[in-house]
Amino acid sequence: MAKRRKHQNPAHRRQPIGAPPGLILPRDGSQPSTITVFAFSSEDIYEASGVSVVEAHALVGQWPVVWVNVDGLGDASVLEQFGAAFGIHRLALEDITNRNQRAKVEEYGDVYFIVTPIFRFGEGLEDEQLCMILGANFVITFQEQPGGDCFDPLRTRIRNDVGQVRKRGSDYLMYSILDATVDAYFPLLERIGETLEDYEAAVLVRTSVAIVSNLHGVKRNLLTLRRAIWPLREAVNALVRDENPRITSDTRIYLRDCYDHIVRVMDLIETSRELGSDLTDLYLSQSSYRLNEVMRILTVFATVFIPLTLITGLYGMNFTTDSPYNLPELHWKYGYIYSLCLMAAVTATTLYYFWRKGWIGKDPNAGPPDGAP
């Protein structure tokens with residue numbers, strides 16, 4: 001499987017400044033284009049890989065529905081051929097090669113151009129831009145890298161004639177591709193949710209700078225998902241709301257269900273973002289609490305030794321004159337024992353006072369005991 005590119009700042013992925021409209025530039029690092037076709041009807045199916053643009057276009061008039069998938073956008077001439085054969089506008093071809101695109105739906109004559117994001121976890125959160133061309137009896141999908149997409153279950157359904165894909169038109173195939181893309185978001189969010197639960201358990205046990213760093217990475221991934229999927233909701237809503245000849249009323253019902261799934265995805269993203277922010281606040285609170293605990297213990301030790309230091313300082317002056325104002329216990333045979341007992345009594349009194357105030361021996365921040373008003 002080819003290595004996917006990690007998510008990058010969209011500002012770093014754009015056409016050259018001053019480039020003419022419709023400029024088709026291969027993406028950096030993209031693989032050569034590989035074309036796969038699925039041509040099917042309710043009775044039969046044809047599947048082939050490594051076909052040419054001309055061969056793919058020839059199938060359009062022979063089968064009720066043709067799905068042409070292009071893996072790899074490293075050859076601009078292939079895109080030029082698609083534009084000429086299938087009547088794809090050059091602005092749509094430019095958007096296919098330009099990764100700096102929001103999810104959208106645009107109409108170019110007899111075809112519709114749809115952009116939707118794809119995400120997966122590899123070394124990190126990796127993204128890809130899926131572009132679709134919806135025609136009267138064909139769907140063309142453009143993917144940046146070959147292999148590793150989320151459409152294998154859909155391909156299996158087409159091969160085995162499961163569901164309604166082979167019994168309906170190209171608009172239903174377009175819906176099925178969108179639905180598979182949206183469904184692939186849920187495992188990602190489940191994985192993020194499990195990660196946040198692990199961090200929540202870790203924060204309650206210990207504090208570590210690595211936890212905050214990892215939490216920041218999760219929140220950044222959630223922000224990336226939100227920024228990409230939010231426009232997709234509006235794009236699918238446009239397909240549901242706007243009347244167009246390429247989408248039947250029956251398919252529009254299924255698109256409404258796809259729209260509901262996107263709304264659920266957005267709710268999960270917002271919930272995870274709030275949980276991530278709460279965990280960050282919890283980490284800071286735990287760190288502050290533990291620091292306060294350390295300072296409280298050190299303060300108790302310092303306070304206990306202050307009177308002891310005073311007593312030892314007084315008896316450490318060692319006046320040996322016969323003055324009536326000299327220390328009375330200086331020449332007393334029990335003076336040393338007396339001073340030790342005095343320091344023990346002062347220490348015990350101080351600790352008892354701290355205990356009665358709740359400063360040691362129990363959590364000062366705990367609430368009242370059960371049954372207390």
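V182 and C258 make their closest contact through CG2-SG, 3.9 Å (heavy atoms, listed as atom of the first residue, atom of the second, distance). Here the shortest heavy-atom pairing between R246 and A136 reads NE-N, 3.6 Å. I35 and S52 get closest at one heavy-atom pair: CD1-C, 4.0 Å. A pairwise comparison of heavy atoms in N137 and V60 identifies ND2-O, 3.0 Å as the closest pair. A pairwise comparison of heavy atoms in A180 and C150 identifies O-SG, 3.8 Å as the closest pair. Residue V240 comes nearest to R252 through the heavy atom pair O-CD, 2.7 Å, listed as atom of the first residue, atom of the second, then distance.
With a 6.0 Å radius and a threshold of 12 heavy atoms from other residues, nucleotides or ligands, Y353 has its OH atom at or below the threshold. At most 12 non-hydrogen atoms from other residues, nucleotides or ligands lie less than 6.0 angstrom from CZ of F305. Residue R157 qualifies as enclosed at atom CZ: its count of foreign heavy atoms under 6.0 Å is above 12.
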Check: Taking it one step at a time, do T248 and D171 satisfy side-chain hydrogen bond (donor to acceptor under 3.5 Å, both in side chains)?
Finding: CA-CA 7 Å; T248 64; D171 58 336; 3.1 Å; yes

**Message:** Could you go through E106 and L91, starting from their C-alpha distance and side-chain angles, then the distance that decides it, and tell me whether this counts as side chain to side chain contact (heavy atoms under 4.5 Å, CB included)?
**Reply:** CA-CA 10 Å; E106 292 183 346; L91 290 179; over 6 Å; no

Audit row: L59, V68, side chain to side chain contact (heavy atoms under 4.5 Å, CB included) steps and yes/no: CA-CA 10 Å; L59 295 172; V68 182; over 6 Å; no

### Message
Set out, in order, the CA-CA distance, both residues' side-chain angles and the distance that settles side chain to side chain contact (heavy atoms under 4.5 Å, CB included) for L130 and I114, then state yes or no.
### Response
CA-CA 8 Å; L130 173 69; I114 304 170; over 6 Å; no

Derivation of the side chain to side chain contact (heavy atoms under 4.5 Å, CB included) call for F142 and Q129: CA-CA 8 Å; F142 296 91; Q129 178 176 286; over 6 Å; no

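The side-chain heavy atoms of D75 and P32, taken from C-beta on, include no pair separated by under 4.5 Å. By the 4.5 Å heavy-atom criterion applied to side chains, K167 and Y172 are not counted as neighbours. Residues D127 and P117 are not in side-chain contact: their nearest non-hydrogen atoms beyond the backbone lie 4.5 Å or more apart. Residues S288 and N292 form a side-chain contact, since some pair of their non-hydrogen atoms from C-beta on lies under 4.5 Å apart. Using a 4.5 Å cut-off on side-chain heavy atoms (C-beta onward), T224 and F119 make contact. Side chains of M266 and R226 form a contact here, defined as non-hydrogen atoms less than 4.5 Å apart. Residues C131 and D95 have side chains not in contact (no heavy-atom distance under 4.5 Å, counting atoms from C-beta outward). Counting only heavy atoms from C-beta outward, the side chains of T141 and D149 never approach each other to under 4.5 Å.
To the nearest 0.5 angstrom, L178 atom CG is 10.5 Å from D183 atom CG. Rounding to the nearest 0.5 angstrom, the gap separating the CG atom in L275 from the CG atom in L268 is 12.0 Å. Q143 CD to N69 CG: the interatomic distance, rounded to the nearest 0.5 Å, is 5.0 Å. With rounding to the nearest 0.5 Å, the separation of CD1 in I88 from CD1 in I96 is 5.5 Å.
When the options F86, W63, W67 are evaluated for a ring-ring contact (aromatic ring centres under 6.0 Å, His included) with F138, the one that passes is F86. Just one of T195, L282, L196 meets the side chain to side chain contact (heavy atoms under 4.5 Å, CB included) condition when paired with L215; it is L196.
The backbone N or O of G135 sits less than 3.5 Å from a side-chain atom of S170, completing a donor-acceptor pair.
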Let me check something: any side-chain donor-acceptor pairs from residues 341-349 under 3.5 Å, sequence neighbours excluded? List them with distances.
unit_1: T347; atom_1: OG1; unit_2: M343; atom_2: O; d: 2.8
unit_1: T349; atom_1: OG1; unit_2: A345; atom_2: O; d: 2.8

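The side-chain tip of R233 points at the ring of W230 from less than 6.0 angstrom away and within 45° of straight on.
Judged as a ring pair (Phe, Tyr, Trp, His ring centres under 6.0 Å), and not counting sequence neighbours, F40 has no contacts.
A salt bridge links D152 with R155: the closest approach of a Lys/Arg side-chain nitrogen to an acidic carboxylate oxygen falls below 4.0 angstrom.
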